[in-house]
Amino acid sequence: MTSPRAPRGMHDTLPEDADLWRFIRDTAERVARLYDYRQIGTPIVEDASVFLHTAGDESDIVQKEVYLFDDRGGDRLALRPEGTAAVCRAYIEHGMSSRPQPVRLFYIGPYFRYDRPQAGRYRQLHQFGVEAIGTDSPEVDAELIDLQLTLYRELGFAPDELTLRINSIGTAETRRRFIEVLTKHFEPHVGTLSRDSQRRFETNILRVLDSKEDAGHPAVQNAPSILDYLSPEDAAHFEAVKRHLEALGIAYEVDPRIVRGLDYYARTVWEVEPPGAGGQSTIGAGGRYDGLIEVLGGPSTPAVGFATGIERIALNMRERGLGPSEERAPDVVTVPLGERGPAAAAQAAATLRAAGLSVRNGVPGRSMRAAMRGADASGARYALIVGDAEADAGTVVLKPLRGDEEQRTVAAIELSSVELSLDDHAEMDIDGDTVQLF
RNA sequence: GUGGGUGUGGCCUAGCGGUUAGGGCGUCAGGUUGUGGCCCUGAAGAUCGGGGGUUCGAAUCCCCUCACCCACCCCA
């Protein structure tokens with residue numbers, strides 16, 4: 001009998017990963033607030049229709065990746081595979097169209113897709129998403145891209161380490177026209193395309209354009225560009241987005257082959273990825289989804305947003321050695337000895353904790369040597385030694401484990417006023433701004 | 001969903017038909033009596049991912065299965 005493991009494609013976050021994760025979450029929330037976005041939380045499960053009617057019937061997400069189940073009352077529910085549709089559902093449900101527009105929202109949490117796991121692709125994944133609902137202003141498209149890139153920069157990515165690629169896929173109407181053109185274009189060449197592309201020719205012809213297999217195929221390279229089929233309004237919108245990006249000093253590449261996997265996108269779409277470009281390389285992507293709220297039964301409402309994968313960010317940060325470098329260590333570790341030492345040490349620890357210090361209780365019953373080894377290995381700056389002699393005298397021995405400070409004996413009741421040289425911490429607090437390393 | 005690779009104590013890894021399955025890191029205990037970091041000694045911990053086969057004999061060969069990884073697909 002083998003013991004149970006975490007479900008396939010789902011992972012534990014271990015203490016050694018937690019610091020990096022928290023750094024990413026804290027930075028994401030901080031940056032979102034910098035742009036005056038406010039947090040929204042939605043349930044992990046939704047009525048299945050929230051996702052099934054919005055993502056597009058041909059999308060893989062709907063075809064095979066949604067975790068679907070009936071609850072005990074017979075309602076059809078889905079584990080959320082993405083955030084945007086749920087946020088829009090909440091926007092409608094809570095009448096947010098009567099708040100000042102656009103409503104600026106962000107969220108962070110787990111999402112679920114029944115997919116074959118590989119590096120950077122998991123069945124339970126975590127996304128940070130940002131949405132601006134209620135405006136079609138191209139400035140807001142640029143604002144979101146700016147916010148997203150600011151996040152990456154704050155996390156430590158150099159500007160040239162990430163590539164922003166943008167495109168406009170027009171409205172549903174322009175796409176319908178473009179698909180006709182594309183179908184005529186590829187029709188004579190279908191036989192020479194890869195099997196995947198042949199399938200996509202039937203199901204989602206836009207995807208033929210960014211097939212990796214057929215990237216060198218003449219018919220793909222000579223394919224018409226959707227940018228030539230935009231309506232004047234869409235083209236003007238796209239031009240405005242680009243102008244605003246330039247005004248913000250943001251470098252971008254226009255890539256007319258970008259399409260999105262979810263049908264609700266319209267006009268601006270973008271992706272951000274490291275130049276290396278591996279398999280699951282996109283770390284964040286976004287776009288405009290002007291039709292989504294109407295599909296969900298709300299008033300016609302334009303909106304833009306992006307989502308970025310925490311795991312993929314973490315993956316890239318680890319590759320680059322970015323993120324908090326400090327090991328998390330307690331300030332003080334107690335070394336309880338003898339009969340009465342442990343109780344007195346625990347009291348001393350409580351005093352220090354009340355003063356805001358992180359104190360680890362040493363394990364009683366060990367030899368002093370072992371206890372000191374443990375204290376040293378913890379990375380703490382001080383060992384607090386309390387044996388029977390100290391317990392009886394109401395004192396405590398404070399031994400610095402780093403630096404050349406002398407060991408001293410202090411009265412237990414005066415512990416809260418004893419000055420400990422924890423300057424390293426203080427400086428780091430200032431330099432790291434809100435980067436809490438301890 | 002398609003194709004390929006990998007799977008040895010908590011972690012890294014040697015072994016590639018006959019070994020008590022070896023080492024490093026880590027953990028725990030010691031190196032005399034209450035003081036750590038180096039060093040030394042010892043201990044615990046592996047049915048060699050799981051199941052089935054071939055063989056006198058399998059971690060080593062074969063089959064199935066599971067998990068992970070890579071590419072595709074898709075996507076964050």
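Atoms considered below: every heavy atom in the structure, side chains included; atoms not considered: hydrogens, waters and symmetry mates. Naming convention: chains lettered A, B, ... in sequence-line order (proteins, then strands); numbering from 1 in each chain.
With sequence neighbours left out, the side chain to side chain donor-acceptor pair (under 3.5 Å) criterion links A/Arg8 to no other residue. Taking the side chain to side chain contact (heavy atoms under 4.5 Å, CB included) definition, one finds that A/Ile92 meets it with A/Ile293, A/Leu296, sequence neighbours left out. Under the rule for a side chain to side chain contact (heavy atoms under 4.5 Å, CB included), the partners of A/Ala285 that lie at least two apart in sequence or sit in another chain are A/Arg260, A/Glu271, A/Thr282. Evaluation of the side chain to side chain contact (heavy atoms under 4.5 Å, CB included) rule for A/Val181 yields A/Pro224, A/Tyr229 as partners, not counting sequence neighbours. Listed by chain and residue number, A/Arg89 satisfy the side chain to side chain donor-acceptor pair (under 3.5 Å) test with A/Glu46 (two or more places apart in sequence, or in another chain). The ring-ring contact (aromatic ring centres under 6.0 Å, His included) check on A/Tyr114 picks up A/Tyr67, with sequence neighbours excluded. Scored by the side chain to side chain contact (heavy atoms under 4.5 Å, CB included) test, A/Leu227 finds A/Asn167, A/Ser168, A/Ser225, A/Leu230, A/Phe238, A/Val254, A/Pro256 as partners (sequence neighbours excluded).
A/Asp115 has no carboxylate O lying under 4.0 Å from a charged side-chain N of A/Arg123, or vice versa, which leaves the two without a salt bridge.
The residue A/Glu311 sits apart from the nucleic acid: no heavy atom pair falls under 4.0 Å. Contact annotation for A/Ala375: no contact, since no heavy-atom pair falls under 4.0 Å across all strands.
Comparing the same atom, C1', in B/G15 and in B/C74 gives a spacing of 41 Å after rounding to whole Å. Rounded to a whole angstrom, the distance from the P atom of B/U19 to that of B/C61 is 16 Å. Here the separation of B/G31 from B/C70, taken at their C1' atoms, is 50 Å to the nearest Å. When the P atom is used for both B/A29 and B/G36, the distance is 15 Å, rounded to whole Å. Spacing of P atoms, B/U13 relative to B/C69, comes out at 15 Å, to the nearest Å. Taking the C1' atom of each, B/C28 and B/C64 are spaced 41 Å apart, rounded to whole Å. Comparing B/G10 with B/G45, their P atoms sit 12 Å apart, to the nearest whole Å. When the C1' atom is used for both B/G4 and B/A43, the distance is 44 Å, rounded to whole Å.
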Short N/O separations, protein against nucleotides 5-8 of chain B, under 3.5 angstrom:
none

Expected rows: protein N/O vs nucleotides 36-38 of chain B N/O, under 3.5 Å:
unit_1: B/G36; atom_1: N1; unit_2: A/Leu401; atom_2: O; d: 3.1
unit_1: B/G36; atom_1: N2; unit_2: A/Asp376; atom_2: OD1; d: 2.6
unit_1: B/G36; atom_1: N2; unit_2: A/Leu401; atom_2: O; d: 2.4
unit_1: B/G36; atom_1: N3; unit_2: A/Asp376; atom_2: OD1; d: 3.1
unit_1: B/G37; atom_1: OP1; unit_2: A/Arg373; atom_2: NE; d: 3.4
unit_1: B/G37; atom_1: O4'; unit_2: A/Asp376; atom_2: OD2; d: 3.0

What N/O pairs connect the protein and nucleotides 64-68 of chain B at under 3.5 Å? Give each pair on its own line.
unit_1: B/A67; atom_1: O2'; unit_2: A/Arg5; atom_2: NH2; d: 3.3
unit_1: B/C68; atom_1: OP1; unit_2: A/Gly9; atom_2: N; d: 3.0
unit_1: B/C68; atom_1: OP2; unit_2: A/Arg8; atom_2: NE; d: 2.7

Sequence neighbours left out, cut at 3.5 Å: what donor-acceptor pairs do the side chains of residues 358-370 of chain A make with other protein atoms?
unit_1: A/Asn361; atom_1: OD1; unit_2: A/Arg353; atom_2: NH2; d: 3.2
unit_1: A/Ser367; atom_1: OG; unit_2: A/Ala370; atom_2: N; d: 3.1

Report, one line per pair, each donor and acceptor closer than 3.5 Å where one atom sits in a side chain of residues 383-392 of chain A; sequence neighbours left out.
unit_1: A/Asp388; atom_1: OD1; unit_2: A/Glu339; atom_2: N; d: 3.0
unit_1: A/Asp388; atom_1: OD1; unit_2: A/Arg340; atom_2: N; d: 2.6
unit_1: A/Asp388; atom_1: OD2; unit_2: A/Glu339; atom_2: N; d: 3.2
unit_1: A/Glu390; atom_1: OE1; unit_2: A/Gly387; atom_2: N; d: 2.9
unit_1: A/Asp392; atom_1: OD1; unit_2: A/Arg340; atom_2: NH1; d: 2.5
unit_1: A/Asp392; atom_1: OD2; unit_2: A/Arg340; atom_2: NH1; d: 2.5

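Put simply, A/Arg121 has no side-chain N or O that comes within less than 4.0 Å of OP1 or OP2 on B/C73. For A/Gln407, no side-chain nitrogen or oxygen approaches OP1 or OP2 of B/U35 to under 4.0 Å. In this structure, A/Arg200 reaches the B/C73 phosphate: one of its side-chain N or O atoms is under 4.0 Å from OP1 or OP2. An OP1 or OP2 oxygen of B/G30 is reached within less than 4.0 angstrom by a side-chain nitrogen or oxygen of A/Ser367.
As a whole-Å value, the separation of A/Arg408 CZ from B/U35 C1' is 17 Å. Between the CD atom of A/Gln118 and the C1' atom of B/U2 there is a distance of 12 Å, rounded to whole Å. Separating the CD1 atom of A/Ile258 from the P atom of B/C74 is a distance of 15 Å, rounded to the nearest angstrom. Rounded to whole Å, atom P of B/A76 lies 13 Å from atom CZ of A/Phe51. Atom CD in A/Glu131 sits about 13 Å away from atom C1' in B/A76, given to the nearest Å. Distance, A/Glu65 CD to B/C73 P: 14 Å, rounded to whole Å.
Pairing of B/A58, defined by two Watson-Crick or G-U wobble distances under 3.5 Å, is not identified with any nucleotide. Within the shown strands, nothing qualifies as a pairing partner of B/U32 under the Watson-Crick or G-U definition with both distances less than 3.5 Å.
Ranking B/G34, B/C70, B/A76 by closeness to the A/Arg312 side chain, first place goes to B/A76. The side chain of A/Val397 lies closest to B/G34 when the candidates are B/A76, B/C73, B/G34.
Of the two residues contacting RNA chain B, namely A/Gly284 and A/Leu337, the nearest-nucleotide position lying further toward the 5' end is that of A/Leu337.
Using a distance-only test at 3.5 Å, with no hydrogens or angles considered, no donor-acceptor pair links the side chain of A/Arg257 to the main chain of A/Val208.
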**OP:** List the steps, then state whether side chain to side chain contact (heavy atoms under 4.5 Å, CB included) holds for A/Thr27 with A/Arg30.
**Re:** CA-CA 5 Å; A/Thr27 305; A/Arg30 198 185 94 236; 4.0 Å; yes

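Ring planes of A/Tyr289 and A/Tyr265: perpendicular class, angle over 60° (limits at 30 and 60°).
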